[in-house]
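Structure first, commentary second.
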Amino acid sequence: MKEILRAAIVTLFATLVWGQFANAQNAATSHKLRFKNLEDFSKYVQSHHKAPFDRDSVRLPNGGAAEIMKHMGQRTPEGLALASTSSTHNVRINRDRDPWPKAEVAVGVDPVNGNVVVMTNDFRENYDHMFYHVSTNGGSVWTDDSMVGGNDPFSGFIPLTFQSDPGVAFDDKGHSYLSTITGNLIFDFNNLYENLDTQIIVAQGFNHGTYTNLIPTIVDTVPCNGNFDADGTFVCPGTLDKPLITVDSVLGSPNNGTVYVYYTLFCNGVTNPDGSIGPCVDGNATVPAFTSAILEAHAAAGGLFSAPNLVSGALQNTQFSDIVIDSHGVAQAFFDDFTNFPYTTMYQSTLSGGVWTVNPTPVATFLVSQTGTGNWFFRLSGTAAPGCGITGDTAHCAFSANQIGAGPFEGSLSVYDAVVNTQTGASTVTRVNNDVFNGSKDHIFPWATTKADGSVYVGFYDDRDDPFLTKVKYWVAKSTDGGATFPKQMAVSDTSFNPCVGFPFCGFFGDYTQIAAGPDGVVHAAWSDTRDGASMQVFGQAITW
């Protein structure tokens, strides 16, 4: 029996190692660049990236723990009671009692039995890590589980130090799929060695999402490591970022059960023998040096992922992507391009015959330039990202902006719904929040979902009820006319909260917060919440209206 077990372990390890090496070979071709120190490397990357480089706060900043504990000591008795017992309607989703922040929220609902999975970017271990929470009773009670981590083929397969950017999806058989980026943040100043390797991984869930695989499936790995001494070299062809996940659960689809993972590659370039800088080659994708591109890899249920494919075509400053599946089982991707700075352009790309083709007509062109408040210091780049849902062949992608096209400008951020006919590419854009235009109120990090009856729900953070432009509530808006209007909208969080107090020095509030609809017509919202006045926890609400 011991020999059988030993053989199984050896086989499992060999499979994992082979998969790691195969994906490492798929990654952008390695090259050597010489830098005297980390500052020179940072200047190199920033000077060549035109698109905003969007790396999460993978570790609490220096003094962050003390700052959190200082806030914890200032909690009011009411805040303590609220944090421990929740409130009238909202339920606290994470079960730990740590004060560490939870920023970025992914939500998925099982189309078979309505189980809900919420995954969060959780700092309870100082470095952020993915924790997922499962409810089998409609959102009243939740579990608290850790997602498996990745390991690094460029450093002896030791565990990577952080995870970020959660994604959750279900197939129509009740299997959940969790995605994340994992990577290193290693600064060894004694040996002048740095390791910033990045990797995309997926963990399959079973029994309607209640537990997940102990072994990750590797999607893509890109090296970024080396020495900064006089004779050292730093190998960093590129960096991966912002993965999300979608599963084809369309009945009768020829691709039913296919799992799509999509993300951004920032290409630093490959040094050729003559000293010139060449493109990154990652799987089937060739990405020019000093540009960014959207990549996608897919797999049949439980299978290995394909080599990465290029989604964003010839566009060279792309970031933030979301994929939905239309009624024909065709994957439709939406993403942002930042070439025409300061304007952002959203595009649609369609997978047909194994090739992604970008529709040259933009879905929307918009400006994200400022907030109406000066009280927040966390980054807001993710509020421009498309958060999409689909009914039939009509996609709805929510985002925030100050201006749409050449339309009127407002000095604060409003939420918009881009309604796209995925067969023709025709699109319209509708303002979602119904408070007064240019009224100095901000509406950020929106996400759209749809129900089988065609209704559209958009969730977002909103400070319209605070005259001091500091506190927000989590709002949801509903449309029953295909996104033309959103007459019904209300706060679903029972109380307002200051998004700045949950993360040290107001440094981070995530990049997105998702909502999702279940087979019973219930919409499940989950969001980061600092209602206790000290910590950032995750609360949720089942929406039946």
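The model shown is predicted, which means the values in this text are computed figures rather than measured ones. In what follows, residues are counted from 1 in the order of the sequence shown.
- Judged by distance alone, the side chains of Gln319 and Asp336 never bring a donor and an acceptor atom under 3.5 Å apart.
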Discussion item. Quick one, Asp220 with Tyr263, criterion side chain to side chain donor-acceptor pair (under 3.5 Å). Give me CA distance, side-chain angles, the key distance, then yes/no.
Written reply: CA-CA 10 Å; Asp220 199 358; Tyr263 48 95; 2.8 Å; yes
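- Note that CG of Leu367 is 9.0 Å distant from CZ of Phe341, once rounded to the nearest 0.5 Å.
- Residues Phe206 and Tyr211 bring their aromatic ring centres within 6.0 Å.
- The local environment of CG in Leu304 is sparse, with at most 12 non-hydrogen atoms from other residues, nucleotides or ligands closer than 6.0 Å.
- At a threshold of 4.5 Å between non-hydrogen side-chain atoms, the residues Phe460 and Ile444 do not count as touching.
- Between Asn402 and Leu413, the shortest heavy-atom contact is OD1-CD2, 3.4 Å.
- The heavy-atom pair separating Ser249 from Phe170 by the smallest distance is CB-O, 4.2 Å.
- Distance alone, capped at 3.5 Å, is enough to place a donor-acceptor pair between the Ser135 side chain and the Val141 backbone.
- Under the ring pair (Phe, Tyr, Trp, His ring centres under 6.0 Å) criterion, Tyr343 pairs with no residue at all, not counting sequence neighbours.
- Salt bridge Asp511/Arg379: present, at least one basic N to carboxylate O contact under 4.0 Å.
- Taking every heavy atom of both residues into account, Thr318 and Leu315 meet most closely at CG2-CB, 3.7 Å.
- Checking side-chain atoms of Asp144 against main-chain N and O of Asn94 turns up no donor-acceptor pair under 3.5 Å.
- Although no hydrogens or angles enter the test, the distance criterion places a donor-acceptor pair under 3.5 Å between the side chain of Thr198 and the main chain of Leu240.
- Side chain of Asn195 to backbone of Asp197: a donor-acceptor contact under 3.5 angstrom is found.
- Shortest non-hydrogen contact noted between Leu295 and Ala285 is CD2-CB, 3.5 Å.
- Using a 3.5 Å distance cut-off with no hydrogens or angles, the side chains of Gln199 and Thr221 do pair a donor with an acceptor.
- Within the 3.5 Å criterion, the main-chain N or O of Val415 finds no donor-acceptor partner in the side chain of Ser400.
- The shortest distance between side-chain heavy atoms of Val492 and Ile543 falls below 4.5 Å.
- In terms of heavy atoms, Pro99 sits closest to Ser535 at O-CB, 3.2 Å.
- Asp442 and Thr373 are not linked by any side-chain donor-acceptor pair at a separation below 3.5 angstrom, with hydrogens and angles left out of the test.
- Taking the six-membered ring wherever Trp is involved, the centroid distance between the rings of Phe123 and Phe503 falls below 6.0 Å.
- The number of heavy atoms from other shown groups lying within 6.0 Å of NZ (Lys473) is above 12.
- In this structure, Thr210 contributes its side chain and Asn207 its backbone to a donor-acceptor pair below 3.5 Å.
- Counting only heavy atoms from C-beta outward, the side chains of Leu196 and Thr239 never approach each other to under 4.5 Å.
- Counting only distance, with no hydrogens or angles, the side chain of Gln537 and the backbone of Asp98 share a donor-acceptor pair below 3.5 Å.
- Judged as a ring pair (Phe, Tyr, Trp, His ring centres under 6.0 Å), and not counting sequence neighbours, His396 has no contacts.
- A side-chain N or O of Asn184 and one of Asp152 form a donor-acceptor pair less than 3.5 Å apart.
- Between Arg124 and Asp96, at least one side-chain nitrogen of the basic residue sits less than 4.0 Å from a carboxylate oxygen of the acidic one, meeting the salt-bridge criterion.
- Between the side chains of Asn309 and Glu296, at least one donor-acceptor pair of N or O atoms lies under 3.5 Å.
- Here the closest heavy-atom approach between residue Asp110 and residue Gly174 is recorded as OD1-CA, 3.4 Å.
- Between the side chain of Asp322 and the backbone N or O of Phe334 there is no donor-acceptor pair closer than 3.5 Å.
- Under the 30°/60° scheme for interplanar angles, the aromatic rings of Phe445 and Phe378 are found to be tilted.
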Item to complete: Could you give me the CA-CA distance, side-chain angles and deciding distance for Tyr132 and Ser176, then say whether side chain to side chain donor-acceptor pair (under 3.5 Å) is met?
Response: CA-CA 11 Å; Tyr132 67 95; Ser176 64; over 6 Å; no
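- At least one donor-acceptor pair under 3.5 Å links the side chain of Tyr512 to the backbone N or O of Pro166.
- Side-chain atoms of Thr530 never come within 3.5 Å of backbone atoms of Met536 as a donor-acceptor pair (strictly under, hydrogens ignored).
- In summary, the aromatic rings of Phe131 and His129 are positioned with their centroids under 6.0 Å apart.
- Partner of Phe509 under the ring pair (Phe, Tyr, Trp, His ring centres under 6.0 Å) criterion, out of Trp376, Trp527, Tyr461: Tyr461 alone.
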